[in-house]
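Counting starts at 1 for both ligands and their atoms, following the listed order. Values below: all heavy atoms of this structure, side chains included; hydrogens, waters and symmetry mates excluded.
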Amino acid sequence: MKLAVISDIHSNLHALTVVLEEIEKRKVESIFALGDLVGYNAFPSEVVDIMLKREIASIMGNHDIVCCGLENPIWFNTAAREASLWTRKVLSDESKRFLSGLPNEMMVRERLYAVHGSPQSRDDYLMDLMDALNNFRHLPDKTINICLYGHTHIPAIFSEHGPSHDSIHSGKHMLDVRTRYFINPGSVGQPRDGDPRASFGILDTEEVSIEIIRVEYDIQAAMQAVVKAGLPQFLADRLQVGA
Ligand SMILES: [Fe+2]
């Protein structure tokens, strides 16, 4: 069974469209999102519409909870706060209802768990092996082999025993069923690993592998839309460099 894992779309319609086209070619059984559907970029309503129409299951990210009005952007930097308040203004009530109903975490399949930041909090940044090792004990169930997470916007694989990769950019990695993993598929809509291409993952439960895939998209169009919407220039510029 192949499962496509997407995360941190952040209202980037141009990136999401190309990622979904690429996923289409790869004959996956389902698509799952790790949160932060909205925030930062210019197309929150369009992204939510796609998630609704395609019935893509998602968990709630730290931007989703702020943009739907359940929390205030107290801990956000200036650009993130500005974008979240703009997003609140343009989102329909129906989109806000959808976002406010997203679950905090989810068992995707048997032994496959998903969170936004870490098992402890959607706001935690799981950045390195030490963070991962400290978090295995917070998984809710001992049978969980893989915990998918997002939030850092950096694709990574951390293994409890065996090789780990704190920034893997792209490529297929075979997994060992005897150990446990934290796996981040990177960000669709605002990559931060120095590679501006959209990032997502395909988990193959028969082969027991994860492939990180990068796709080119129309970054210039996404940047122009950010500026046209009156969002901070910084949010456009970072798309170009993937940081
Ligand atoms: Fe994010």
Peer 1: Regarding His116, does it place an N, O or S atom less than 2.8 Å from the Fe ion (ligand 1)?
Peer 2: no

Peer 1: To 10 degrees, how wide is the angle OD2 (Asp36) to the Fe ion (ligand 1) to NE2 (His10)?
Peer 2: 90°

Peer 1: Going only through I, L, V, M, F, W and Y residues with side-chain contacts under 4.5 Å, is there a path from Leu3 to Ile213?
Peer 2: no

Peer 1: Any side-chain heavy-atom pair from Leu13 and Thr17 closer than 4.5 angstrom?
Peer 2: yes

Peer 1: Validate the cation-pi geometry between Arg109 and Phe32: distance from NZ or CZ to the six-membered ring centre under 6.0 Å, angle to the ring axis within 45°.
Peer 2: no

Peer 1: If you check every N/O/S atom of Asp8, which is the one nearest the Fe ion (ligand 1)?
Peer 2: OD1

Peer 1: What I'd like to find out is whether the side chain of Asn62 reaches to under 4.5 Å of the side chain of His151, using heavy atoms alone.
Peer 2: yes

